[in-house]
Each structure stands twice: as C-alpha cells, then as structure tokens.
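What follows is a single structure, written as structure tokens, with notes after it.
Per chain, numbering begins at 1; letters A, B, ... match sequence-line order.
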Amino acid sequence: MNEPNDSSTPKHFIQAIIEEDLASGKHERIVTRFPPEPNGYLHIGHAKSICLNFGMAAQYGGTCNLRFDDTNPIKEEQEYVDSIKEDIRWLGFDWEDREFYASDYFETLYEYAVRLIEKGKAYVDDLSADEIREHRGTLTEPGRESPYRDRPVEESLDLFRRMRAGEFADGSRVLRAKIDMASGNLNLRDPVLYRILRAHHHRTGDDWCIYPMYDMAHGQSDSIERITHSLCTLEFEDHRPLYDWLVEEIGIYPPRQIEFARLNLSHTIMSKRKLLELVNDGLVDGWDDPRMPTLSGMRRRGFTARSIRRFCDGISVAKANSTVDIQLLEHYVREDLNKIAPRVMGVLRPLRVVIENYPEGQVEELDAINNPENPDAGSRKVPFSRVLYVDRNDFHEDPPKKYFRLAPGREVRLRYGYFITCVDFVKNDAGEVVELRCTYDPETRGGSAPDGRRVRGTIHWVSAEHALAAEVRLYDHLFSVADPGVVEGGADFKSHLNPDSRTVLAGCRVEPSLAEARAGDCVQFERVGYFCVDSKDSTPQDPVFNRVVSLRDTWAKIQKKQAG
RNA sequence: UGGGGCGUCGCCAAGUGGUUAAGGCACCGGACUUUGGAUCCGGCAUUCGGAGGUUCGAAUCCUCCCGCCCCAGCCA
C-alpha cells in the first residue's frame, strides 16, 4: 500500500538511485526488505523504514520481503516477532509469502564461512574477548595481528567444524575474517564472524551453538534473497566496505547497501533501550502505553495507519541527521481524522446548566451533522432537555477580552440547539461555580435566529439525563523538552519526562450516541479534539476515551498573547 | 592526531553552473464560519556553515577552514 504519488513530495536520493538502476537495465525489478531484529517493539522510527522499503517496492513494481534478523538468541523472542508482524500489517503493508528469517539460512551461512576459511580469508582465533579488544588498537593506532591469524587453513577448518559440534566452551574461540588490522575502518580489523553461544533460539532451538554475527548474516541474507537495494541507517555506513568484501569473497550475488538517516522526533525518544527502561521502571504502562512512540502505543492512542504513512512520506528520506518536530506528526493525524472522524459532543469538565424557561420533562431530538467534511456521513439525533452540562471553561464569571462564550448576561449558541443566555449562577461554599441558570429563546431551535441576530460563541453540551458517563485520558508529549537525549551533568533522560503527559478525567459526560462506540473507534469531540475508544480499558458500561490530539486552539493562542 | 558521513528559513526538505532559492510544518496577518475546528487568501531565506578562488554567471566547481554525527560488542 502506498499513497497516490503526491507531486508535492519530491523525489529523494534513493528513488533517484533506483530509477537510474532501472533505466540503465542494471535491474528489471527491484527487491527490498525490512529486516527487524525481534528484540523489541516497533516504533515510529521503524515505520519510516517500513514505508520506505515497502513503498519503493510498490512504487517501482518490485517486492519487499519481511526478514527477521534473528542471529542473537539471547535477546530475541517469539513475542516480538508476533508484535512486529501485527504492527506491519496494521500499518498497511503485506509481505505475502515472503516471510523470512536469517536463521533459515544458518546452514548456508555456515557453508559460506567454510568457503572463506578455505580461501584463506577467515581463521579461527583462540584469543579471548579481552585479548581481541586489546589487539584491535584504537581509533588512531593500528591493531596487532592475532598469533592465530596465520594458522593453517586445515587447522581452522577443523576447529570451526568442532566449534559447531560443540567441543568448545562459549567464548573460547571465534571465527574471524582476515582483512587488515591496520585499517582506519575498525570494521575491517579482522571482524568476528561467528561466536560460540549456547542459548536456546526461538526458531532453531538447540540446533546450533555457534551463531553468525550481523556482518556475516545480513549481507549474505540479502544476497540469498536477491535484494537489489539494501536500505539501512547511517550507522552502517562504516560496515559497507565489509558488506561488499564478504559478498565478493564468498562469491555471491551483490546487493547494494544504501544508508539513510534514521528518524528522530522531538519530545520523545526512539532508543529501544530507553523505551524498555521506561517500561521496566513503570514510568509508562507498557509498550502500548498511548504516550509511547511505539506503533502499538500510537495505535492505541488513536493514530491512524494512514496518517503515519503520510507522515513518513512527508518527512522524506535523506542523509542528514535530523529531528522532526512532533507537531508535523500531529498535523498529519489531524488532517486524516478531520476527514473521517464523526463529530460528537463530549463534556470533559461538566458544569450543570438549568434552562429555566424550558418545560420540565420535555425532551427534543435535535439534528446534528456527523461530519461537515463529509456529507455522506449523514446526521444523527441528539436529545435536548431542561438540564444540561457544558464545559467549565466555556463559562467565565468575569470574562476576559475577546472571550465569546458564556458569562453573566451573555448569549451563546448551543451547537445544533438553542441560543441561551446566562441569567445567574450558583456557587458552593468553596466559592466554585456549580450551576448556571439560563434562559433559552424558543425561536432559535437548531441554532439560528429568525431575526438574524448573531452570536459570537457556539459551545457544545450534553443533556444531563441522557448523557453517558465516561473517563477521558488527555495525553501530552512524553517529554517536556524537544531533545530529551541532551542532559546536563549527572541527570539522565528520565528527568525530562513530562509530569503532565497524562491527565485522567473521570466523570466526563458524552452524548448517548457514543453507546455504540467500539474499541478503536475515533471521534471528534467538537471544539475539543480527536478521541479514540481505548482498546484495553474501555467497556460499554464504563467507556474510556484517549485523546489522540487536540484541535488547533486559536483561543489558547489569544490567551497566551494576552498573558504576555 | 585514524576512518566514514553530514551542514540550504525556527523544524523537515527540494535544488546537481543561468529558476524570482520548490514544498510541507510552525509562525504572523486577513476572509469565511452553527466547531475560536476545517477551508481560503496573503506574508515569511537578496541568501545556501565560513573565507578565498574559477566563471560572463556558483547553493551547485576548486582550495582551505569551522561545526555536528557515527565507529574501538564474541549487539544489530
């Protein structure tokens, strides 16, 4: 799936490369792959890669494989592969029958390693991990060759076979490529290709006690799958010479690795390690907490797959490290939800309103448009009666300048209802306004005055006796600073956690039509924001709504300006 | 002091020797409005990290300088 080619999105450098390769005849069809390691949940940063890889395949009539990079059994689990598949499907992409695992290639990879040893391009090293590190040298000093580097091919072959057979202890030996211990690129200083590791693998079980390293597995898996363009992030740029070297020395099909900048988003973090820390420390309610930048969290929050896809298109792909303003993401959800979310009325902080001249016991069913952006969405009936709730912040005892809503003596329009005028208000002992006394103009049913009289303010409301009680969870940025990664002194990123990232409102009142709402449904509470029925905690009896994003709020801006 | 990358508006990002230096977000005006939403109009880089140079002409080519990111896992 990908969006109709938006002319406002210019071609990026990867598209340029692919088009050249197609035009020159280097490739007839392109093949890409999305290669997650099943050691955590997918986040919005992965979405960029997913959209890129599947997007290129779709745009140029090729295919994109899903391949799990599962070469480290210590960190990988089936739970993660399941969640990854679910997230990719939800995002709207289909790998059909092309679901692969690096572990499927273990036997072939082993043969490739043997081939390298036979060519004298790899050797078994008996050095310990510490010794290997000591021999590696530093950024500015060359490394030293291992004393085992030039041992006979036959000896390495024998040792490697016995490594596989389980004759040696974990960590006692490794297979290394024989390249150049003096290279300025540390990846070329005889990189480790295989290590001994007795760990249960989620797919191969206990079949293997040696596992290939990333460099020995990734490019070779790409080659086996005939990947034409292997797209990865910038930190692998230094690995490209090794990627090319291995494919060349083994003598197999050479895919082309192309690196692009990973996504960074302001006010959040993308590091799996840090995300896991938030989960483990109980600072969020799990991987799918609606504040998390994980796809499962965003899905639960109410982000649409389409808005994420559009976002990924919008930010484009380049090689410069960058941090995208989270407001751009919010823009794309608003854009999408504006078109598809049914409008309803919900009162978050209820303030009781009695319409004094409205007949006791009378109920009217008023027509309300479901979505002004989409006539096909039709309309619904909303009950109106003598006692209503409006939002507390739609009343001001002493209204500030430019405030168009309710205040003593002020007339406003109730959305799809009547014009009402506040004639009095009631306070409790604590001095809080607890009730408004209003009158209505029977001539203004539906919201317009026959005499042409205009009101500046329109507010939302619900009928007290008909409204449903609900819990509403307001979410804000997870971190209060744009770049939580930057911390002073001994502080750590968690010190930037936004204490107001979640505000739970109980006792909210929403219109009765919401009785039909089901988990995952998104609506717009008019004048407030977009909300999604929580998929975990919501029940028909006790509905729970998550705020996806607020509506743009001009009044808030005016207030800010007035304040200072 | 090694190697690999990157620097164009507050944030993304086009641009590949001749364009008035795209577009989006944000921001600022205004119109419209039964959501202070949406929509619509208008504004928003004499300048491309800096300095030299080549050229009739440079963000694009050359030289030097500056800044930022990545690499010393038997992680990926």
Side-chain angles (χ1 to χ4, degrees), chain A residues 6-12 16 35-37 39 69 71-72 74-76 125 127-129 132-133 136-143 170-176 182-189 191-197 211 213-215 217-218 232-241 259 261 266 272 314-332 334-335 338-339 343 345 368-369 372-373 402-405 413-417 419 444 446-448 454-460 482 524-529 550-558:
Chain A
D6 197 334
S7 57
S8 69
T9 307
K11 197 183 300 178
H12 54 66
E37 182 189 10
N39 70 342
D69 224 332
T71 58
N72 185 357
I74 292 170
K75 294 161 95 180
E76 296 149 8
D125 195 350
L127 254 26
S128 69
I132 287 180
R133 180 163 19 83
R136 186 151 31 227
T138 66
L139 294 180
T140 52
E141 304 155 23
D170 285 14
S172 59
R173 277 180 241 259
V174 292
L175 181 71
R176 291 229 257 169
S183 174
N185 181 344
L186 304 241
N187 293 119
L188 264 22
R189 316 242 268 223
V192 172
L193 264 21
Y194 264 90
R195 75 281 216 188
I196 303 172
L197 210 58
Y211 290 92
M213 298 288 289
Y214 167 84
D215 292 298
H218 200 97
C232 64
T233 45
L234 256 26
E235 67 270 28
F236 292 104
E237 219 149 12
D238 284 345
H239 292 245
R240 185 164 15 105
E259 312 83 14
S266 74
K272 273 191 198 175
I315 56 174
S316 191
V317 178
K319 295 196 66 157
N321 290 321
S322 62
T323 300
V324 175
D325 194 326
I326 198 163
Q327 286 185 102
L328 183 59
L329 213 210
E330 295 170 350
H331 159 78
Y332 281 104
R334 286 197 186 98
E335 178 185 72
N338 176 47
K339 293 202 183 76
R343 271 54 170 176
M345 292 193 282
I369 292 166
E373 302 295 318
K402 291 186 181 168
Y403 184 80
F404 306 146
R405 290 111 92 150
R413 171 170 36 238
L414 293 178
R415 179 81 159 151
Y416 300 123
F419 285 11
T444 58
S448 55
R454 304 183 84 83
V455 292
R456 290 297 299 274
T458 299
I459 65 174
H460 55 98
Q524 182 196 98
F525 285 170
E526 292 214 35
R527 305 208 308 130
V528 182
S550 66
L551 248 28
R552 290 187 67 231
D553 190 348
T554 306
W555 171 240
K557 267 179 207 165
I558 294 170

| remark: For nucleotides 71-76 of chain B, 5' to 3', base contacts (B), sugar-phosphate-only contacts (S) and non-contacts (-) with protein non-hydrogen atoms under 4.0 Å give BBSBBB

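- Nucleotides B:rA21 and B:rU47 have their P atoms positioned 12 Å apart, rounded to a whole Å.
- A 3.5 Å limit on both hydrogen-bonding distances identifies no Watson-Crick or G-U partner for B:rU19.
- In this structure, A:Arg527 reaches the B:rG36 phosphate: one of its side-chain N or O atoms is under 4.0 Å from OP1 or OP2.
- Counting any heavy atom pair closer than 4.0 Å across all strands shown, A:Arg343 reaches a base atom.
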Listing time: all N or O pairs from protein to nucleotides 11-13 of chain B that are below 3.5 Å?
unit_1: B:rC11; atom_1: O3'; unit_2: A:Thr323; atom_2: O; d: 3.2
unit_1: B:rC11; atom_1: O2'; unit_2: A:Thr323; atom_2: O; d: 2.9
unit_1: B:rC11; atom_1: O2'; unit_2: A:Asp325; atom_2: N; d: 3.3
unit_1: B:rC12; atom_1: OP1; unit_2: A:Thr323; atom_2: N; d: 3.1
unit_1: B:rC12; atom_1: O5'; unit_2: A:Thr323; atom_2: O; d: 3.3
unit_1: B:rC12; atom_1: O2'; unit_2: A:Ile315; atom_2: O; d: 3.2

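- When Watson-Crick and G-U wobble pairs are counted only if both distances are under 3.5 Å, B:rA72 pairs with no nucleotide at all.
- Taking the C1' atoms as reference points, B:rU46 lies 36 Å from B:rC32, given to the whole Å.
- Rounded to whole Å, the separation between the C1' atoms of B:rG29 and B:rC44 comes to 11 Å.
- Rounded to a whole angstrom, the distance from the P atom of B:rC65 to that of B:rG4 is 16 Å.
- Using a 4.0 Å heavy-atom distance criterion, A:Ile558 is classed as a base contact.
- Residues A:Ile459 and A:Ala16 both approach RNA chain B. Their nearest nucleotides, taken by heavy-atom distance, put A:Ala16 toward the 5′ side.
- To the nearest whole angstrom, the two C1' atoms, one in B:rG10 and one in B:rG18, are 31 Å apart.
- Nucleic acid contact class of A:Tyr211 (heavy atoms, under 4.0 Å, all strands): none.
- The side chain of A:His331 places an N or O atom within less than 4.0 Å of a non-bridging phosphate oxygen (OP1 or OP2) of B:rC25.
- Within 6.0 Å of CD1 in A:Ile369 there are 12 or fewer heavy atoms belonging to other residues, nucleotides or ligands.
- We find that CH2 of A:Trp555 is positioned 13 Å from P of B:rG37, with the value rounded to whole Å.
- Although no hydrogens or angles enter the test, the distance criterion places no donor-acceptor pair under 3.5 Å between the side chain of A:Arg527 and the main chain of A:Met345.
- Pairing partner, B:rG7: B:rC66, with both Watson-Crick or wobble hydrogen-bond distances short of 3.5 Å.
- Under a 3.5 Å cut-off, the side chain of A:Arg415 and the backbone N or O of A:His460 do not form any donor-acceptor pair.
- One N or O on the side chain of A:Asp553 and one on the backbone of A:Ala556 form a donor-acceptor pair closer than 3.5 Å.
- A:Arg454 comes within contact range of the sugar-phosphate backbone alone, with a heavy-atom separation under 4.0 Å but no base atom that close.
- Across all strands, A:Phe419 comes closer than 4.0 Å to no nucleic acid atom at all (heavy-atom distances).
- Counting heavy atoms from C-beta on, the side chains of A:Val174 and A:Ile132 come closer than 4.5 Å.
- Within the nucleic acid shown, A:Glu259 has no heavy atom closer than 4.0 Å to any nucleic acid atom.
- Rounded to whole Å, the separation between the P atoms of B:rG23 and B:rC66 comes to 36 Å.
- Using Watson-Crick or G-U wobble geometry with both donor-acceptor distances under 3.5 Å, B:rU60 finds no partner in any strand shown.
- Residue A:Arg552 is classed as a sugar-phosphate contact, given heavy-atom separations below 4.0 Å to backbone atoms only.
- The closest donor-acceptor contact from the side chain of A:Asp238 to the backbone of A:Asn187 lies at 3.5 Å or more, if one exists at all.
- Within the 4.0 angstrom heavy-atom criterion, base atoms lie near A:Glu373.
- Looking at A:Asn39 and A:Lys272, their side chains come closer than 4.5 Å, going by heavy atoms from C-beta outward.
- When Watson-Crick and G-U wobble pairs are counted only if both distances are under 3.5 Å, B:rC40 pairs with B:rG30.
- Per the geometry, CZ belonging to A:Phe404 stands 7 Å off C1' belonging to B:rG36, to the nearest Å.
- The closest donor-acceptor contact from the side chain of A:Arg405 to the backbone of A:Gly457 lies at 3.5 Å or more, if one exists at all.
- Formation of a donor-acceptor pair under 3.5 Å by the A:Ser183 side chain with backbone atoms of A:Leu188 is not found in this model.
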| Is there a ring-ring contact (aromatic ring centres under 6.0 Å, His included) between A:Trp555 and A:Phe404 once you walk through the steps? | CA-CA 10 Å; A:Trp555 171 240; A:Phe404 306 146; 7.3 Å; no

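- Residue contacts for A:Thr140: at a heavy-atom cut-off of 4.0 Å it reaches a base atom on one of the strands shown.
- Residue contacts shown for A:Pro372 include a base, since a base heavy atom lies under 4.0 Å away.
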